[in-house]
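The structure presented is a predicted model; accordingly, all values stated were derived computationally and were not measured.
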Amino acid sequence: MSVRAGGWALQLIIFRYSIRFEDVTSEKTKIKFLTDGLLLREMLIDPLLKRYSVVMVDEAHERSISSDILLSLLKKVLRARPDLRVVVSSATLDAEKFLDFFAPDEGGTLTKKEEYGTIVSIEGRTHPVDIFYTSSPTNNYIEKAVDTAMSIHTNEADGDILLFVTGREEIDDTIDMIADHIADLPPGSKTLQPLPLYAGLPIDQQMYVFQQAGENVRKLIVATNIAEASVTIDGIIYVIDTGYVKLRAYDPAVGIERLNVVPISKASATQRAGRAGRTRPGKCYRLYTEGAFEALEPATFPEIQRSNLAPVVLQLMNLGIQNLIRFDYLSNPPSALIIRALDLLFSLGAVDVHGRLTKPLGIRMAELPLEPMLARTLLNAPSFGCFSEMLSISAMMTLQGTAFVTHDGNQKLLEKARRRFAVKEGDHITLYNVYQAFTNPAVGKQSSQWCRENSLNYKALLKAVSVRKQLRNYLDRMGIQEDALASSDVTKVGGIDMAERVQRCLTTGFFAQAARMKSDGSFVTIGGETVLWAHPSSIFFHRKADWVIYHEIQETKGKVYIRDLTTVEMDWLTEYAPEYYKVKQK
DNA sequence: CCAGTTTTA
């Protein structure tokens, strides 16, 4: 780990880190690097953070939910612990906003800014980057990006290019177009090697971007926002910034998440440009006008104002925050988001009529590192005799659709592999079959070779194995163990086969996300107000179904897709969620 | 009916 800190004698200090599955800290640790999410978890056990004298929150300008919440809680902690030092690092554009946020409440002894905080500006370590704008707006930024890349390649000195686009589809299109252009290059000219980079790309395929290009080869990395802050690549001299990003927006009125392509913020544009100046002076080509840049928002719209807040609300309540509307947020989330979250938590039994966390259910749900609906399902599993199965399914759900991958871009092979594991009940049990086969010493042997043969993502499945272990540990500590009914073969137990027990159990957590397939293959929700489509990765993209519950809903390009579906019977909905469906029918 | 921005516990 390389850390530079002015002239301090830091080499004496022992650095250690802690992430979800890796804690290498000890009593000797002086400085600990950890994620904001983990620190929030630590606050459950140590609310005043007594183990720390200084807390530094990095990249606060990104305005992620967990860093926003962390800042709010740190402000609270400071009232009880004036000795604590809080350092917030952020793009200079909004430093003032953060300082204002930490202003003590009325009646305190510290009233002047300089008494409670200071803004310190630190010169960057990067080289200068020349910024170029277009003289007029572009209507097709992908075409423009391809032209710009080709022109850099033919006219500019050596150095790799980083191009920002919004998603996988644009990455694929761009790379195809570049490939066409390369074919037109005069013989003997330098090669341009386009490389994709996005989070959903399997790790081994991501690694190519870090490899040094061969002689006479210039890398062109076509990336999503992952290359803006999460991943840093050396040797980038040229950045092409299309000026757009894909952002989540949650609509509390219908409970649907949307993925919208929106203009980036000034902070993002600055960050992207900075990626060109890490090794030597670089150039950044913004595919928009200077006027358009000036009109950009200073910082990204806070995530807390555009997300499903059920998980956050549950966690805050578990930290003892009673009034979620009045909580001291850095930016207040719309109250509709909070109400929607409380509604859901109430229907799941995590919150009572007084708006308080229930014991033990609500507390247990908050402690599990799963979204509320899945947490509730897993906690119900022992009573359905499918504890072991739901542990595996829950772990597989955290992979968010990355279990299957194409190895040579061969989609047909992937679909064939999927069919090998598919069952008529739907996607959850299909994923369960994948997990079972992967961990079976006689079948998958947890081997990468077997995964390649079955279009499966080896690293992702290994992650599922460790998530499952972690979940089991959590449940062990709650005193919830393997159910008496458990048996991993799909035989009749208690008159109901394993698949049906899983289906019923899923209904107890996902009853609020039910839909029915119509004859044309589309789905309608209970009220019939929204038309939904099975996501192409679902086995119901082709097959017929009647009632289903779904794990996720998301609108993309004007169409609402549901992911991870399992068939249920209509009667189960009213059987397991009578209150919910009574209210809805009015 | 044809497809997931990014994180995290």
Side-chain angles (χ1 to χ4, degrees), chain A residues 18-23 34-44 59 62-70 164-172 197-201 223-231 244-249 257-262 264 268 300-301 303-304 306-307 311-312 314-315 318 365-372 374-375 394-395 398-406 411 414-415 463 466-467 470-471 473-474 517-523 531-538 540-544 551-564:
Chain A
S18 171
I19 52 176
R20 185 171 187 177
F21 295 109
E22 241 177 304
D23 184 352
L34 78 173
T35 59
D36 36 23
L38 259 186
L39 191 60
L40 285 175
R41 293 248 143 191
E42 273 191 29
M43 292 183 85
L44 276 175
E59 310 275 14
E62 285 182 17
R63 304 302 308 274
S64 74
I65 289 184
S66 45
S67 86
D68 267 24
I69 294 291
L70 191 55
F164 287 98
V165 295
T166 69
R168 187 200 163 139
E169 203 179 344
E170 284 184 1
I171 290 174
D172 291 345
L197 179 65
Y198 52 93
L201 196 67
T224 60
N225 226 24
I226 191 173
E228 188 178 302
S230 314
V231 168
Y244 288 93
V245 69
K246 216 178 257 191
L247 276 193
R248 173 179 33 224
E257 216 170 61
R258 295 197 178 91
L259 280 180
N260 299 327
V261 172
V262 295
I264 58 171
S268 267
T300 308
F301 197 56
E303 196 183 14
I304 203 166
R306 51 185 172 84
S307 303
V312 199
L314 189 60
Q315 230 187 342
N318 198 28
M365 282 171 62
E367 280 169 3
L368 286 177
L370 296 173
E371 332 119 71
L374 196 55
S394 303
T398 66
L399 303 183
Q400 300 178 113
T402 58
F404 286 96
V405 282
T406 66
Q411 192 66 28
L414 189 158
E415 293 308 332
K463 190 186 160 210
S466 41
V467 170
Q470 189 194 26
L471 291 174
N473 284 341
Y474 271 110
M517 195 189 262
K518 295 193 296 184
S519 53
D520 68 351
S522 69
F523 288 85
V531 178
L532 316 170
W533 297 91
H535 190 268
S537 64
S538 168
F540 294 113
F541 185 67
H542 291 302
R543 279 184 213 226
K544 288 276 162 235
H551 183 235
E552 270 186 330
I553 181 164
Q554 191 175 69
E555 186 179 316
T556 323
K557 292 178 198 157
K559 251 181 124 168
V560 184
Y561 291 101
I562 49 182
R563 284 200 188 89
D564 298 311

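- For a distance-only test at 3.5 Å, the side chain of A/Gln411 qualifies as a donor-acceptor partner of the base of B/dA3.
- For A/Ser537 and B/dC2, the shortest distance from a side-chain N or O to OP1 or OP2 is not below 4.0 Å.
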task = Give the intermediate values and the outcome of side-chain hydrogen bond (donor to acceptor under 3.5 Å, both in side chains) for residues A/Glu228 and A/Ser268.
result = CA-CA 8 Å; A/Glu228 188 178 302; A/Ser268 267; 2.8 Å; yes
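- Regarding A/Ile226, its CD1 atom lies at a distance of 5 Å from the P atom of B/dT7, rounded to whole Å.
- When all heavy atoms of A/Tyr198 and A/Ile226 are compared, the pair lying nearest together is CA-CG2, 4.1 Å.
- The interatomic distance linking A/Leu197 (CG) with B/dT5 (C1') rounds to 13 Å, in whole Å.
- Whole-Å rounding puts the A/Leu368 CG to B/dT8 C1' distance at 15 Å.
- Taking 4.0 angstrom as the limit, A/Ser64 places none of its side-chain polar atoms (N or O) nearer than this to OP1 or OP2 of B/dT8.
- For A/Thr166, the side-chain hydrogen bond (donor to acceptor under 3.5 Å, both in side chains) partners two or more places apart in sequence, or in a different chain, are A/Glu170.
- B/dA3 atom P lies 15 Å from atom CD1 of A/Ile171, rounded to whole Å.
- In terms of position along DNA chain B, the nucleotide closest to A/Thr166 lies nearer the 5' end than the nucleotide closest to the other residue of the pair A/Leu370 and A/Thr166.
- Nucleotides of DNA chain B nearest to A/Lys559 and A/Thr556 differ in position, and the one nearer the 5' end is that of A/Lys559.
- A/Thr35 has no side-chain polar atom (N or O) that falls below the 4.0 Å cut-off from OP1 or OP2 of B/dT7.
- Computed from coordinates, the A/Glu42 CD to B/dA9 P distance equals 12 Å when rounded to whole Å.
- Within 4.0 Å (heavy atoms only), A/Leu259 reaches at least one base atom of the nucleic acid.
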